[in-house]
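The structure appears below as C-alpha cells.
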Amino acid sequence: MFLITLLALGLVAMLYASVGHGGASGYLAVLAFAGYPAESIRATVLVLNIIVSGIALIRFSSRWGLKRDLIIPLTLTAVPCAFIAGRFWSLDETAYRMAIAAILVFAAWSLATSRTPAAERALVRPPWALLLAVGGVVGLVSGLVGIGGGIFLSPILIFSRWANERQTSGVSAAFVLLASLAGLLGLYFQHGNFDIRPIELAAFAATVATCGFIGAGFGAHRSKPLALRRLLSVVLLIAAAKLVLT
C-alpha cells in the first residue's frame with residue numbers, strides 16, 4: 001500500500017507541476033484514501049505543496065520569467081486572508097464543496113473547449129485594486145477548502161487575459177508557494193507541532209520533488225500553450241472530483 005501511495009503522489013505531483021500547481025487537492029485525496037489520520041494529512045499536504053510549487057516556480061520563472069506586477073498584489077491580500085480563513089472560519093462543508101466543484105467543472109469545460117490560447121490574444125493590464133480584491137477572495141476560498149489556491153487562480157488569469165498560459169503557470173506557482181507557507185505557519189501556531197512520521201515524509205518529499213521536477217520541466221520547456229490549457233482542465237476536473245468524493 002505504501003508503494004502505491006508513493007506512485008499516486010508522484011503522478012499527482014507530475015501532473016499538477018506541469019501547470020504550475022503544487023498538487024494539494026490531489027495529495028489530500030491520495031492520503032485520505034490510504035487511511036492516514038486526518039491530523040497528519042493537512043500538514044503533510046502543505047509540506048508537499050511547498051516543495052512542488054517551489055520547483056515549478058523555479059522552472060517556469062527560469063524559462064519564461066515572472067509577472068511580478070501580478071504576483072505582488074495578488075499575494076499581498078491572499079496570504080493573510082488564507083491564514084485567517086483556515087484558522088477561524090467554517091461553512092456548511094457539503095454545500096460549499098459542491099458549489100466549488102461545480103465552478104471547477106465549468107472552468108475545466110471552458111478551458112478544454114476554447115481553441116484560442118491566451119498567448120495568441122492581447123493581454124489586459126488589470127488595476128491593482130482589482131488584483132488585491134481577487135487575491136483576497138481566492139485566499140479566503142483556499143483557506144476554507146485547505147489548498148494552495150492555484151486551481152482557482154489559474155482560470156481567472158486566463159479567462160481575464162491577465163496572463164498567457166505559461167505566465168499563468170509561473171504566477172500560480174508563486175501564489176501557491178506563499179499561500180501554503182502561510183497555511184503551514186498558521187497550522188503550527190494552532191497546534192504547536194505536527195504529527196508526521198519523518199521517514200514517511202522524507203519518502204513522500206523525495207517522490208513528489210522528483211516527479212514535480214519532471215512535470216514542471218515538461219510544462220515550461222516542451223508543452224505548447226494549448227496543451228497547457230488542456231492539462232489545466234484535467235487538473236481542475238481532478239480537483240472537482242476530490243471535493244465531491246472526499
Side-chain angles (χ1 to χ4, degrees), residues 8-30 44-68 70-72 74-75 78-79 82 104 107-108 111 117-119 135 138-139 142 146-158 162-184 204-239 242:
L9 291 174
L11 290 174
V12 168
M14 189 178 299
L15 177 60
Y16 276 64
S18 67
V19 293
H21 295 184
S25 59
Y27 305 144
L28 284 168
V30 170
T44 301
V45 165
L46 286 171
V47 171
L48 300 183
N49 219 36
I50 290 168
I51 293 171
V52 175
S53 60
I55 291 172
L57 175 61
I58 292 171
R59 301 219 71 178
F60 276 97
S61 63
S62 63
R63 174 67 172 171
W64 302 104
L66 284 178
K67 285 186 69 66
R68 293 179 177 83
L70 293 179
I71 293 173
I72 293 174
L74 286 170
T75 55
V79 170
L104 292 179
L111 285 169
V138 174
S142 301
I147 57 179
I151 58 173
F152 304 122
L153 181 63
S154 292
I156 293 174
L157 294 177
I158 291 176
W162 295 347
N164 61 39
E165 279 75 8
R166 290 194 174 98
Q167 291 170 339
T168 292
S169 297
V171 173
S172 294
F175 187 96
V176 171
L177 175 62
L178 293 174
S180 298
L181 285 169
L184 190 64
F204 292 162
T207 300
V208 301
T210 302
C211 295
F213 184 85
I214 295 171
F218 172 79
H221 296 275
R222 296 173 181 263
S223 183
K224 296 180 179 180
L226 195 58
L228 277 177
R229 180 174 285 226
R230 301 292 189 265
L231 283 171
L232 179 56
S233 68
V234 172
V235 169
L236 295 179
L237 287 176
I238 293 174
K242 181 264 170 188

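Here the structure is a predicted model, which means the values were calculated and not measured.
- Checked against Ile151 for a side-chain contact (heavy atoms from CB on, under 4.5 Å), the options Ile238, Val235, Val138 give a single hit: Val235.
- To the nearest 0.5 angstrom, Thr75 atom OG1 is 11.5 Å from Leu181 atom CG.
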Residues Thr44, Leu48; criterion side chain to side chain contact (heavy atoms under 4.5 Å, CB included); working and verdict: CA-CA 6 Å; Thr44 301; Leu48 300 183; 4.2 Å; yes

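- Side chain of Ser172 to main chain of Ser169: no donor-acceptor pair is present (N/O by atom type, distance under 3.5 Å, no hydrogens or angles).
- Closest of all the heavy-atom pairs between Gly148 and Ala179 is O-CB, 3.5 Å.
- We find the CZ-CD1 distance between Phe204 and Ile51 to be 11.5 Å, quoted to the nearest 0.5 Å.
- Val52 and Ala17 get closest at one heavy-atom pair: CG1-CB, 3.7 Å.
- Distance check: Tyr27 OH to Asn49 CG gives 6.5 Å after rounding to the nearest 0.5 Å.
- Pairing each heavy atom of Ile50 with each of Ser180, the nearest pair is CG1-CB, 3.6 Å.
- Taking all atoms of both residues into account, the shortest heavy-atom contact from Gly150 to Pro155 is O-CD, 4.2 Å.
- Of all heavy-atom pairs between Phe60 and Ala216, the closest is CE1-O, 4.0 Å.
- The side-chain tip of Arg59 points at the ring of Phe213 from less than 6.0 angstrom away and within 45° of straight on.
- Closest approach of Gly219 and Arg166 over heavy atoms only: O-NE, 4.1 Å.
- Between the NE2 atom in His21 and the CG atom in Leu236 there is a gap of 7.0 Å [rounded to 0.5 Å].
- Considering only residues two or more places apart in sequence or on other chains, Leu57 meets the side chain to side chain contact (heavy atoms under 4.5 Å, CB included) condition with Leu66, Ala173, Ala174, Leu177.
- The only member of Leu157, Leu70, Ile156 that meets side-chain contact (heavy atoms from CB on, under 4.5 Å) when paired with Thr168 is Leu157.
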